[in-house]
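Only heavy atoms go into these numbers, but all of them, side chains included; no hydrogens, no water, no symmetry mates.
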Amino acid sequence: MEHNVVIKGTGIYTPENEVDNDYFVEHFRRLGVDVKGIMKHMNRQKRFLADRDESSLSMAYEASKSALEKLSIDPMELNMIVFASDTPEYNMPTNALKLNHMLNAKNAQCVFDMNCNCTGMVVAMDVVAAYMQRRPAIKKALVVGSMHISSVVRYRDSVVYPNFGDSAAAFILENVQEDERRGVISAEYLTDSDYHNTIVLPKCGHSKELLYEVPKEERRMEWNPFDFSFLSDNWAKIIKKLLTDNNVKTDEVQYFVFSQFSDADNLLTLKKLGVSEDRYIFVGDQYGYTGTSSPIMALNEIWDDLEPSGYLVFCSVAAGYSMTAVLYKI
């Protein structure tokens with residue numbers, strides 16, 4: 001018998017405040033900046049921004065409820081909750097503990113937060129599955145990721161502000177004993193920390209954020225322009241290694257579920273892998289770039305239509321930079 005950790009299903013949440021490209025064209029026109037080109041390159045049409053009374057935690061709660069209700073899972077069935085975000089609402093207590101209380105998930109004794117930036121939910125899939133395989137008593141785990149970019153963005157930032165969006169996504173992992181191996185299979189990582197100063201939040205660092213008087217802009221995210229052309233080469237590299245190490249051919253992969261940051265770079269990666277576009281899903285035009293939740297927003301779009309065969313490849317990239325790819329057998 002195989003000890004598998006499988007995805008039971010997904011749930012997402014987006015705020016009600018839908019913002020289209022015209023708003024950002026006008027906003028940056030007043031600043032003397034044309035953002036039409038970058039929005040076209042990244043394939044943006046609309047995105048959702050949180051209301052004043054929303055947070056990464058409240059959005060995570062709504063996405064968690066959506067997943068649990070769709071799957072008819074009682075929160076009391078959960079044994080583990082992991083919250084992934086680079087814009088957490090709280091440092092203490094953990095947001096996962098807050099979710100435990102909000103969901104009334106009293107049997108979820110293992111709760112913690114993760115911050116791997118935009119790779120958060122993909123890394124969590126790998127880490128939580130590995131933990132569950134060693135701990136058969138953990139039958140069901142909730143993994144939820146949330147980005148509240150509108151709370152930290154600089155409104156003069158012509159990369160982040162017009163292209164990112166607020167959202168949350170969740171998936172449920174289940175421990176099962178089965179005849180054949182499936183579920184989360186393996187992962188591959190790549191890190192090049194030479195880029196550690198390209199994207200920084202908060203710019204001033206947490207030690208200065210509250211203890212000293214610093215300008216408001218210094219307490220927000222700073223995005224320093226950098227050459228992003230390495231993405232497709234390195235994504236193709238780690239995906240090829242992941243597939244080769246697990247004796248999987250590219251034509252056995254039903255879908256490639258990528259970060260939703262740049263449609264153009266995603267398509268270039270597919271080209272370098274020799275993969276047709278019909279095995280790729282992009283939802284960044286609908287939701288903007290939602291960081292850690294973005295691959296799961298894409299997964300949510302296709303989950304109910306997946307054939308019960310083949311594989312999924314998840315891949316994302318985080319500030320600094322680090323990359324993660326996960327192989328999943330359907």
Side-chain angles (χ1 to χ4, degrees), residues 13 15 49-65 75 78-106 108-128 131 141-154 157 160 164-171 191 193 196-223 289-294 296 316-322 324:
Y13 172 78
L49 300 179
D51 292 329
R52 291 178 65 89
D53 60 348
E54 293 186 296
S55 68
S56 60
L57 178 59
S58 70
M59 291 189 290
Y61 170 68
E62 295 296 338
S64 300
K65 277 203 313 178
L78 297 175
N79 308 115
M80 186 174 185
I81 299 174
V82 175
F83 174 85
S85 180
D86 47 12
T87 56
E89 181 67 1
Y90 297 101
N91 289 326
M92 291 187 291
T94 66
N95 295 272
L97 184 142
K98 287 274 192 180
L99 285 169
N100 175 298
H101 179 76
M102 295 164 76
L103 293 167
N104 194 33
K106 293 185 180 296
Q109 302 301 315
C110 182
V111 297
F112 59 87
D113 292 354
M114 290 181 61
N115 184 359
C116 304
N117 306 142
C118 296
T119 60
M121 292 196 78
V122 178
V123 172
M125 187 184 299
D126 177 38
V127 170
V128 175
Y131 186 80
L142 166 67
V143 176
V144 57
S146 185
M147 173 175 262
H148 190 191
I149 190 66
S150 62
S151 68
V152 297
V153 69
R154 294 180 177 187
D157 187 327
V160 178
F164 285 47
D166 298 326
S167 81
F171 58 83
T191 295
S193 59
H196 70 98
N197 272 330
T198 53
I199 305 169
V200 185
L201 171 65
K203 165 60 179 174
C204 63
H206 281 306
S207 64
K208 310 266 191 320
E209 186 179 17
L210 298 177
L211 296 179
Y212 302 95
E213 290 186 7
V214 294
K216 184 176 181 180
E217 290 291 287
E218 294 294 298
R219 301 199 301 269
R220 292 183 175 272
M221 172 192 284
E222 180 180 75
W223 182 293
Y289 180 56
T290 61
T292 185
S293 70
S294 74
I296 310 306
S316 190
V317 61
Y321 71 91
S322 59
T324 308

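The side chain to side chain contact (heavy atoms under 4.5 Å, CB included) check on N115 picks up D86, N117, with sequence neighbours excluded. Contacts of Y321 classified as ring pair (Phe, Tyr, Trp, His ring centres under 6.0 Å), with partners at least two apart in sequence or in another chain: Y195, F230. Listed by chain and number, the residues in a side-chain hydrogen bond (donor to acceptor under 3.5 Å, both in side chains) with D126 are Y189 (sequence neighbours excluded). Applying the salt bridge (charged side-chain N to carboxylate O under 4.0 Å, His left out) test to E209 and every residue at least two apart in sequence or in another chain returns nothing. Legend: residues meeting ring pair (Phe, Tyr, Trp, His ring centres under 6.0 Å) with F171, ordered by chain and number and at least two apart, are absent. Remark: K106 pairs with no residue by the salt bridge (charged side-chain N to carboxylate O under 4.0 Å, His left out) rule, at least two apart or across chains. For S85, the side-chain hydrogen bond (donor to acceptor under 3.5 Å, both in side chains) partners two or more places apart in sequence, or in a different chain, are T87. Listed by chain and residue number, F83, T94, N95, A96 satisfy the side chain to side chain contact (heavy atoms under 4.5 Å, CB included) test with D113 (two or more places apart in sequence, or in another chain). Looking at residues two or more places apart in sequence or on another chain, you find a side-chain hydrogen bond (donor to acceptor under 3.5 Å, both in side chains) between Y131 and R135. Every residue meeting the salt bridge (charged side-chain N to carboxylate O under 4.0 Å, His left out) condition with K203, not counting sequence neighbours, appears here in chain and number order: E222. With sequence neighbours left out, the side chain to side chain contact (heavy atoms under 4.5 Å, CB included) criterion links P15 to Y13, F48, A50, E54, M59, D166. For T292, the side chain to side chain contact (heavy atoms under 4.5 Å, CB included) partners two or more places apart in sequence, or in a different chain, are A84, M121.
Counting only heavy atoms from C-beta outward, the side chains of P202 and H206 approach each other to under 4.5 Å. Here the side chains of P88 and Y90 are not in contact, with every heavy-atom distance at 4.5 Å or above. Residues V127 and V82 are not in side-chain contact: their nearest non-hydrogen atoms beyond the backbone lie 4.5 Å or more apart. Between K65 and L103, the closest side-chain pair of non-hydrogen atoms falls below 4.5 Å. Side-chain contact between V143 and M114 is absent, with no heavy-atom pair separated by less than 4.5 Å. Using a 4.5 Å cut-off on side-chain heavy atoms (C-beta onward), R220 and D157 make no contact.
Going from atom OG of S150 over to atom CZ of R52 covers 11.0 Å, rounded to the nearest 0.5 Å. Q109 contributes atom CD, which lies 11.5 Å from atom CG of L78 (distance to the nearest 0.5 angstrom). The line from NZ of K216 to SG of C204 is 13.5 Å long, rounded to the nearest 0.5 Å. Separating the CD atom in E213 from the CD atom in E218 is a distance of 14.0 Å, to the nearest 0.5 Å. Annotation: the span from L57 atom CG to E62 atom CD amounts to 10.5 Å, rounded to 0.5 Å.
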Report task. Could you walk me through whether I149 and V152 pass the side chain to side chain contact (heavy atoms under 4.5 Å, CB included) test, one step at a time? Result -> CA-CA 6 Å; I149 190 66; V152 297; 3.9 Å; yes
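Shortest non-hydrogen contact noted between T198 and G320 is OG1-N, 4.4 Å. Minimum heavy-atom separation, A319 to I199: CB-CB, 3.8 Å. When all heavy atoms of A318 and C116 are compared, the closest pair comes out as CB-O, 3.4 Å. When every heavy atom of A170 is checked against every heavy atom of A63, the shortest pair comes out as CB-O, 3.8 Å.
Checking side-chain atoms of R219 against main-chain N and O of V214 turns up a donor-acceptor pair under 3.5 Å. Side chain of N104 to main chain of P75: no donor-acceptor pair is present (N/O by atom type, distance under 3.5 Å, no hydrogens or angles). Under the 3.5 Å distance criterion, the side-chain polar atoms of S294 are left unmatched by any main-chain donor or acceptor of T290. Between the side chain of T191 and the backbone N or O of S193, no donor-acceptor pair lies under 3.5 Å.
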